[in-house]
Protein chains: 2
Amino acid sequence: MKKRATLNDIAQRLNLTKVSISKALRDHPDISEATKKRVKEVASEIGYRPNLIARSLTSSKTQTIGVVVPKIAHSFSAQVVAGIQRYANSRGFVIVLTVSDENPELERKHIESLVSMQVEGLLVSVSMATRETEIYNWIREMQIPLVFFDRYIPDLGFNSVVIDDRGAAKEAVGHLIKSGCRKIAHLAGYNHVSIGRQRRQGYEEALREHGIEPDPRMVIEGDVGEDSGYRGFKELQARNIEMDALFSVTFPVGLGSYVAMRETDPSMIDRIEMLAFGDSGIRGIVPYPHFYVEQPGKEIGRKAAELLLDEIEGSVKPENQLVYVPTRFLETNSDFQVTEVDFNKS
Amino acid sequence: MKKRATLNDIAQRLNLTKVSISKALRDHPDISEATKKRVKEVASEIGYRPNLIARSLTSSKTQTIGVVVPKIAHSFSAQVVAGIQRYANSRGFVIVLTVSDENPELERKHIESLVSMQVEGLLVSVSMATRETEIYNWIREMQIPLVFFDRYIPDLGFNSVVIDDRGAAKEAVGHLIKSGCRKIAHLAGYNHVSIGRQRRQGYEEALREHGIEPDPRMVIEGDVGEDSGYRGFKELQARNIEMDALFSVTFPVGLGSYVAMRETDPSMIDRIEMLAFGDSGIRGIVPYPHFYVEQPGKEIGRKAAELLLDEIEGSVKPENQLVYVPTRFLETNSDFQVTEVDFNKS
DNA sequence: TTTTTTTAATTAACCGTTTAATTTAGCTAA
DNA sequence: TTAGCTAAATTAAACGGTTAATTAAAAAAA
């Protein structure tokens, strides 16, 4: 890699000092118009590009935010990252993207290295297994702006942008019950992770509200991936659970259960109503899942980035707030048409 | 944001100079073991984290690579980015992710700002409309390592990691012909973009090789998105084109055409064999497209990152080489089973 | 004992840029 | 005429870290 042109290079060519060049390029009033013109000409002639690293050192601004996601090669994560990227970019920031791969240790390392890189703020979606909060306490003490999105750790003093998992799950399961389902199984996430806990709570509340006592045997706790859905459904079969509906904690889990059903007894696919959180990005193409809670990934990303940048630029203090991004409840009918379910009518 | 601890802060507390602290923390032999111990204790006590920005200024290494993709919220892009991220990370690099949104002007700006940020190399997938190569010429002159992936600009002196679009298209279309298809329409990409041009070439070569003269009326050039596929198919209908197979340049285009078919005459879905490049990430769930060329996104990302990092670290000169990542040709049968098609047998 | 070597620090200089404090000459006003 | 001001540049210092060169004291060799 060739050595890049610096202020000094321009200065030498013009018999000026680097300070004058710096000022000239930034249209500082100290410099005469004639000189500014000459400086700019030479600058573009030799292809000068300011070294932002050096500039950052004096300004202690890097115009950079760090992002930590558990996965990236999944529709939802990619949507969120797209939302973050676009919004941050519109405000002149650039994102450094890291992936924890659901590994808390890696998550911590990424945060450390992002902080070392002097990112001005962090957007974090915590990995499923994250328990240790030491690093987050440190972040808070150092008053480094941080916003959680999608998956968060409560009571740490940071803002979080999430969907109303409990409310949406409750409404969705409620809708199933009103449509006649009684025996609704649930492939759940782990209880110590917010989305797992909240969605399960919503599920149980909906059942109780309609006079159905939740049966712990109908709930399988597990991971959020396709494998887990496959195994979960097999386990339900092993337990001899009868069901007329199945609520999967995520779209991939739903897919896994779908594959398991097809293997076991394809007729179940028509008999069992399927409900899942998430969106495959292939809306209107496949009639599956029948019902789903659409997670507005881009919107979550956008909102999280907005909160973070406001905190960075306006020095607004974090509030330990949960900001809810509204979801929509969608139904795919037999004509592949996707329509929003209006709860007021059901 | 609180002021972070620096070497000087530690130095003062111990009545030493910052240089000694710097050396102690990096286990430099100049410093006695006793002192090293004390320094490290104080460092961790006050939560010292090295400022990588400052370190970069002296070392002119940022351990950072810049990535420019046209889109991120799409399965393939997300896969590639995942591959890049993982590999770069394994070699101690971090990625700065930017999105051009298929806008050449934005692409140029992102590259400029990444260079200003002193990334050590660039991974770029050019936007569909990119024609202007001035910035790339400058990058080459400055000898900044750059590797194109997926979509590239030829003859600029950079390495590119791609799939063999022409070869794969030729084999795939050839397979359709051997299965009995004669009237194969093509929803193509633009001719000035490598994937569009190459895939179309493969399509035409396959036809010619089997004694079918390509009919330009059966090819619609367009974008690579779902809308374009929808419009393209409608246009084929308007032209009164009869077909027994349809080759779509990308998966989204295929989906768009699928929706258009369903609207026009659902029976076509069974009558017309569908072939597309790409992968929805829902393999084995939907029986569509019937045939597809799997683009190994993660592998492309990994390989591109590997070439780039070798160039960065080993100062291997770029070779203006095309590196092909192998694809697989897959068929989804009526049981939703996905199998690889072995061309030797067909 | 004197000289040389080793140890463990220190000071100086630099990376590329910015901000603050000075300088110099030319100009204006009293 | 001379103090005071303005314009346009300069020098000094800083950001946080690193490397190179230097010093001082203690230890080893002559």
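Labels below follow one simple rule: chain letters A, B, ... track the order of the sequence lines, proteins then strands, and each chain is numbered from 1.
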Item to complete: Could you tell me which residues satisfy salt bridge (charged side-chain N to carboxylate O under 4.0 Å, His left out) with A:Arg151, sequence neighbours excluded, listed by chain and number?
Response: A:Glu102

Item to complete: Take the protein atom CG of B:Leu16 and the nucleotide atom C1' of C:dA9, then report the distance between them rounded to whole Å.
Response: 8 Å

Fill in: Polar side-chain atom of A:Asp150 near backbone of A:Val162 as donor-acceptor pair, under 3.5 Å
no

Item to complete: Can you tell me the distance, in whole Å, between the CG atom of B:Asn15 and the P atom of C:dT11?
Response: 12 Å

Item to complete: Examine distances only and state if a side-chain atom of A:His28 and a backbone atom of A:Asp30 form a donor-acceptor pair shorter than 3.5 Å.
Response: yes

Discussion item. Each nucleotide in nucleotides 12-20 of chain D should get exactly one letter: B, S or -. Can you fill that in based on protein heavy atoms under 4.0 Å?
Written reply: B-BBBBBBB

Worksheet item: So, is A:Ser32 near the phosphate of D:dA9, with a side-chain N or O under 4.0 Å from OP1 or OP2?
Response: yes

Fill in: Length of the CG-P vector between A:Asp27 and D:dA8, whole Å
14 Å

Practice prompt. State, with a plain yes or no, whether a side-chain heavy atom of B:Arg302 is found less than 4.5 Å away from one of B:Glu306.
Written response: yes

Practice prompt. May I have the distance from A:Leu14 (atom CG) to D:dT10 (atom C1'), rounded to whole angstrom?
Written response: 16 Å

Discussion item. Within the 4.0 Å heavy-atom criterion, would you say A:Ser60 contacts the bases, only the backbone, or no part of the nucleic acid?
Written reply: nothing

Worksheet entry | Rounded interatomic separation in angstrom, taking CD from A:Gln12 and P from C:dG16 | 12 Å

Worksheet item: Under the criterion side-chain contact (heavy atoms from CB on, under 4.5 Å), which of B:Thr35, B:Ile10, B:Val42 is the partner of B:Ile21?
Response: B:Ile10

Worksheet item: Bend across the helix from C:dT1-D:dA30 to C:dA30-D:dT1, to 10°, with axes taken over 5 pairs at each end?
Response: 70°

Response to the item:
Note: B:Arg91 and B:Asp310 closest approach over all heavy atoms is NH1-OD1, 2.9 Å

Item to complete: May I ask you to check whether over 12 heavy atoms, not counting those of B:Arg4, lie within 6.0 Å of atom CZ?
Response: yes

Discussion item. Are more than 12 heavy atoms, taken from residues, nucleotides or ligands other than B:Arg108, located less than 6.0 Å from that residue's CZ atom?
Written reply: yes

Item to complete: Under 4.0 Å between any heavy atoms, over every strand shown, what does B:Ser20 touch: base, sugar-phosphate, or nothing? Just pick one.
Response: base

Worksheet, complete the sentence: Separation of C:dT19 atom P from A:Asp30 atom CG, nearest Å, is 12 Å

Worksheet entry | Over 12 non-hydrogen atoms of neighbours within 6.0 angstrom of NZ in A:Lys36 | yes

